[in-house]
2 protein chains.
Amino acid sequence: MDICKRLGENVRRYRKEKGWSQEAFAHEADIHRTYISDIERGARNPTITIIEKLARPLGVTASQLLE
Amino acid sequence: MDICKRLGENVRRYRKEKGWSQEAFAHEADIHRTYISDIERGARNPTITIIEKLARPLGVTASQLLE
DNA sequence: CTGTGACTCTTAGTCCGTC
DNA sequence: AGACGGACTAAGAGTCACA
């Protein structure tokens with residue numbers, strides 16, 4: 001499985017566990033809403049600093065987002 | 001700890017376990033040797049596809065490189 | 001609320017070296 | 001063997017209007 005898609009699925013799963021919309025999560029992570037959408041669809045190839053920005057509000061590690 | 005530095009330390013540790021020079025590893029991972037040097041020093045902010053390219057020849061997962 | 005194309009600006013990533 | 005610099009090209013970061 002492609003790693004970008006795997007990341008996207010993990011982000012989406014953790015975000016839904018928090019009960020957040022993409023918009024609400026985008027605000028928490030301080031990342032643009034459409035960028036979150038792209039990430040969840042595996043349409044982006046983000047850097048590890050982005051992974052960390054995503055991980056923090058979700059309460060998980062950067063490592064977990066790539067599992 | 002900064003995530004780039006953590007990645008660098010992990011890469012260096014796994015690479016040395018394999019007994020590879022940066023150059024030999026660069027060849028295995030199909031990544032430029034100077035880029036490997038930068039990564040290990042935490043001087044770069046790589047994308048997740050690079051993380052995967054680093055992980056494969058080391059015999060670990062992308063997730064493990066960020067632990 | 002979310003997906004998508006398009007856009008600008010910045011930086012990832014390559015390749016040439018030298019120390 | 002590895003650190004580090006300069007210059008370059010490809011691609012990511014970040015944003016918007018609209019569906």
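Letters go in sequence order (proteins before strands), and every chain restarts at 1.
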Spacing between B:L54 atom CG and C:dA12 atom C1', to the nearest angstrom: 13 Å
A:N45 side-chain N/O to A:C4 backbone N/O, donor-acceptor pair under 3.5 Å: no
Donor-acceptor pair (no angle test) under 3.5 Å: A:R33 side chain, C:dG3 base: yes
With sequence neighbours excluded, residues passing side-chain contact (heavy atoms from CB on, under 4.5 Å) with A:T61: A:S63, A:Q64
Identify every side-chain donor-acceptor pair in residues 31-42 of chain B under 3.5 Å, counting partners at least two apart or on other chains, and give the distances.
residue: B:H32; atom: ND1; partner: B:T34; partner atom: N; Å: 3.4
residue: B:H32; atom: ND1; partner: B:T34; partner atom: OG1; Å: 3.0
residue: B:S37; atom: OG; partner: B:R41; partner atom: NE; Å: 3.4
residue: B:D38; atom: OD1; partner: B:R41; partner atom: NH2; Å: 2.5
residue: B:D38; atom: OD2; partner: B:R44; partner atom: NE; Å: 3.1
residue: B:D38; atom: OD2; partner: B:R44; partner atom: NH2; Å: 3.3
residue: B:E40; atom: OE1; partner: B:R12; partner atom: NE; Å: 2.7
residue: B:E40; atom: OE1; partner: B:R12; partner atom: NH2; Å: 3.1
residue: B:E40; atom: OE1; partner: B:R15; partner atom: NH2; Å: 3.0
residue: B:E40; atom: OE1; partner: B:Q22; partner atom: NE2; Å: 3.1
residue: B:E40; atom: OE2; partner: B:R15; partner atom: NE; Å: 2.5
residue: B:E40; atom: OE2; partner: B:R15; partner atom: NH2; Å: 3.4
residue: B:R41; atom: NE; partner: B:S37; partner atom: O; Å: 3.3

Note, A:L54 side chain near A:I50 side chain (heavy atom, < 4.5 Å): yes
Net bend of the helix from C:dT2-D:dA19 to C:dC19-D:dG2, end axes of five pairs each, nearest 10 degrees: 50°
Any B:S37 side-chain nitrogen or oxygen under 4.0 Å from OP1 or OP2 of D:dG2: no
Any A:K53 side-chain heavy atom under 4.5 Å of A:T49 side chain: no
side-chain contact (heavy atoms from CB on, under 4.5 Å) partner of B:Y14, the single match among B:K18, B:K16, B:E17: B:E17
Integer-rounded Å distance: C:dG13 C1' and B:D38 CG: 10 Å
Side-chain touch B:E28/B:W20, heavy atoms, less than 4.5 angstrom: yes
Side chain proximity check, A:L66 to A:N10, heavy atoms < 4.5 angstrom: no
Rounded distance in Å - CG (B:L7) to P (C:dA12): 13 Å
Heavy-atom pair of closest approach, residues A:A55 and A:A62: CB-N, 3.7 Å
Smallest separation among heavy atoms of B:I51 and B:L65, with atom names: O-CD1, 3.6 Å
DNA chain C contacts among residues 55-67 of chain B, heavy-atom distance under 4.0 Å: none
Close approaches to DNA chain D from residues 11-30 of chain A, in residue order (heavy atom, under 4.0 Å): none
For atom CD1 of B:I36 and atom P of D:dG2, their distance in whole Å: 11 Å
Any side-chain heavy-atom pair of B:T47 and A:P46 under 4.5 Å: no
Separation of D:dA17 C1' from A:H32 NE2 (nearest whole Å): 11 Å
Can you give me the N/O atom pairs linking the protein to nucleotides 6-12 of chain D at distances under 3.5 Å, or say none if there are none?
residue: D:dG12; atom: OP1; partner: A:N45; partner atom: ND2; Å: 3.0

Whole angstrom value for the distance that separates C1' of C:dG13 from CD of B:E52: 17 Å
